[in-house]
Structure formats: structure tokens, C-alpha cells
Amino acid sequence: MKETGNFYLIAEAILPEAIKKTIKVKELLRYDEDITIQKAVQKYDLSRSAFYKYKDFVFPFYDASKEKIISLSLLLEHKKGVLSSVLRAVAFDGGSVITINQGIPLQGVAMTTLSIDTKTMGIELEAFLDKIRMIDGVKRLEVVGQNL
């Protein structure tokens with residue numbers, strides 16, 4: 001990838017159509033090994049020149065975190081097995097926990113931070129985060145940082 005300088009997290013709703021279509025084309029190429037770039041850009045009504053202009057500079061959030069360390073802040077109910085369930089989910093999806101810090105439970109909840117190496121994860125980050133959010137006892141989950 002070319003040197004890009006700073007990175008920004010931007011809501012999809014405000015992106016120009018050419019950038020949105022470039023992301024869709026990249027996703028299609030990623031998951032359908034038999035499709036050509038020409039057919040993929042035609043499918044989304046995008047010119048090849050626009051695709052090549054943007055392809056190295058736009059990517060979904062989960063791609064930005066692949067092969068990186070992410071830090072999560074979680075608010076967990078203070079009941080048996082909640083943290084264990086979170087850690088099992090990380091291990092099941094191929095993540096490696098680097099640090100865990102859990103505060104003393106107050107009013108039935110405990111603030112927990114995890115640093116996770118995502119390099120060997122077999123799941124996209126957004127799907128992984130949704131999976132963690134669905135664990136009984138996870139009250140809140142936020143990505144608070146990642147190394148670039």
C-alpha cells in the first residue's frame with residue numbers, strides 16, 4: 001500500500017458514490033475468486049480508472065484492524081462466567097489476548113479492558129465485535145484503540 005499519512009474513521013453515509021462502489025468491488029473480488037476486475041466494476045457501474053484511483057486508499061474498518069492489536073473496553077455484569085465467555089470467544093475465533101485489566105465490581109458491573117492480537121483471527125472484526133456484544137452479561141463494548 002502507498003504511504004497515506006493520517007487515517008480517519010468516516011461514516012459511510014457521507015462518502016462519495018465512487019468510494020462506496022470501490023469498497024463493494026473490493027469485497028466482491030475478495031469473496032469471488034472467479035470474477036475479474038472488469039466484471040466486478042461493471043456490476044457496480046464503476047469505471048476501472050475510479051477503482052484503481054481509490055482501491056489502495058479505502059477499506060472497511062475491520063481491514064484496518066487486521067494483523068493489529070486492538071484494545072476493547074467492556075462493561076461486564078458481575079456474575080460467574082461472563083469474562084470467561086468473552087475469553088473463550090476470543091480464543092475460538094483465533095485471537096490472542098495480550099492484556100486483561102478488570103476493575104473491582106461496583107453496583108453489579110465491572111469495567112474490563114482487553115488488548116487482543118487479531119493477526120490470526122479467522123473472522124472479520126465487525127462480526128467478532130457483534131459476537132462479543134451478544135454474550136450474556138456484556139453490557140457495553142467499545143473499541144478504544146488500535147496500533148497502526
Side-chain angles (χ1 to χ4, degrees), residues 1-35 37 40-41 43-44 46 50-148:
M1 184 185 329
K2 300 173 187 169
E3 181 60 39
T4 58
N6 296 328
F7 287 87
Y8 301 94
L9 189 59
I10 300 172
E12 180 182 22
I14 69 164
L15 292 175
E17 282 303 309
I19 292 176
K20 290 178 189 178
K21 289 178 180 181
T22 299
I23 293 169
K24 288 178 182 177
V25 168
K26 287 178 66 172
E27 288 294 309
L28 182 59
L29 291 168
R30 179 185 206 163
Y31 294 110
D32 184 349
E33 296 174 5
D34 296 328
I35 196 163
I37 291 174
V41 295
K43 177 177 176 140
Y44 289 107
L46 179 70
F51 173 74
Y52 283 109
K53 179 179 180 179
Y54 296 123
K55 76 176 183 69
D56 292 331
F57 298 99
V58 298
F59 40 88
F61 174 69
Y62 58 80
D63 279 352
S65 62
K66 203 151 184 82
E67 299 187 18
K68 306 216 182 316
I69 297 170
I70 61 168
S71 294
L72 304 178
S73 173
L74 300 109
L75 187 62
L76 305 178
E77 281 185 38
H78 180 56
K79 64 181 187 180
K80 184 177 180 178
V82 177
L83 180 57
S84 294
S85 295
V86 171
L87 297 176
R88 271 194 304 277
V90 172
F92 180 81
D93 289 324
S96 178
V97 175
I98 297 171
T99 64
I100 303 172
N101 185 6
Q102 186 171 31
I104 296 171
L106 299 171
Q107 300 175 343
V109 292
M111 186 59 94
T112 305
T113 57
L114 294 177
S115 295
I116 302 169
D117 187 340
T118 64
K119 182 176 13 186
T120 57
M121 289 185 75
I123 187 172
E124 293 175 352
L125 183 61
E126 288 299 319
F128 170 72
L129 296 175
D130 288 342
K131 189 175 180 181
I132 298 296
R133 286 183 182 101
M134 297 301 292
I135 294 173
D136 186 38
V138 174
K139 293 296 190 183
R140 187 180 74 218
L141 179 147
E142 294 177 21
V143 176
V144 293
Q146 65 181 9
N147 71 340
L148 292 176

Novice: Is Lys20 paired with Glu17 through a side-chain N to carboxylate O contact shorter than 4.0 Å?
Specialist: yes
Novice: Holding to side chain to side chain contact (heavy atoms under 4.5 Å, CB included), I want the full list of residues that pass it with Ser115, two or more places apart in sequence or in another chain.
Specialist: Ile69, Ser71, Ile98, Thr99
Novice: Given 3.5 Å as the limit, does a donor-acceptor pair link the side chain of Asp117 with the main chain of Lys119, or not?
Specialist: yes
Novice: Rounded at 0.5 Å granularity, tell me how far CD in Glu12 sits from CD1 in Ile23.
Specialist: 6.5 Å
Novice: Could you grab the distance from atom CD1 of Ile19 to atom NZ of Lys53, nearest 0.5 Å is fine?
Specialist: 8.5 Å
Novice: Do Val144 and Thr113 have side chains that get closer than 4.5 Å, going by heavy atoms?
Specialist: no
Novice: Using only atom types and a distance under 3.5 Å, with no angle test, would you say the side chain of Lys26 pairs donor to acceptor with the backbone of Val58?
Specialist: yes
Novice: Rounded to the nearest 0.5 Å, what separates atom CZ in Phe128 from atom OG1 in Thr118?
Specialist: 9.5 Å
Novice: What's the separation between atom CE in Met121 and atom CD1 in Ile70, rounded to the nearest 0.5 Å?
Specialist: 6.5 Å
Novice: For the atom pair OG (Ser96) and CD1 (Ile116), what is the distance rounded to the nearest 0.5 Å?
Specialist: 9.0 Å
Novice: Under the side chain to side chain donor-acceptor pair (under 3.5 Å) test, which residues partner Asp136, sequence neighbours left out?
Specialist: Lys79
Novice: Could you check if a side-chain atom of Phe51 sits within less than 4.5 angstrom of a side-chain atom of Leu29, using non-hydrogen atoms only?
Specialist: yes
Novice: Is there a side-chain contact between Ile132 and Leu74, using heavy atoms and a 4.5 Å cut-off?
Specialist: yes
Novice: Using the side chain to side chain contact (heavy atoms under 4.5 Å, CB included) criterion, which residues pair with Leu87? Sequence neighbours excluded.
Specialist: Leu83, Val97, Ile100, Leu114
Novice: Could you measure the distance from the CD1 atom of Ile104 to the NE2 atom of His78? Nearest 0.5 Å is fine.
Specialist: 10.5 Å
Novice: Of all the heavy-atom pairs spanning Leu46 and Ala18, show the shortest one and how long it is.
Specialist: CD1-O, 3.9 Å
Novice: Kindly indicate whether the side chain of Gln102, heavy atoms from C-beta on, has any atom under 4.5 Å from the side chain of Leu76.
Specialist: yes
Novice: Give a yes or no answer on whether the side chain of Lys139 reaches the backbone of Glu77 with a donor-acceptor pair at less than 3.5 Å.
Specialist: no
Novice: For the residue pair Gly94 and Thr120, what are the closest heavy atoms and their distance?
Specialist: O-OG1, 2.5 Å
Novice: With the side chain counted from C-beta on, respond yes when Phe57 and Thr22 share a heavy-atom pair under 4.5 Å apart, and no when they do not.
Specialist: no
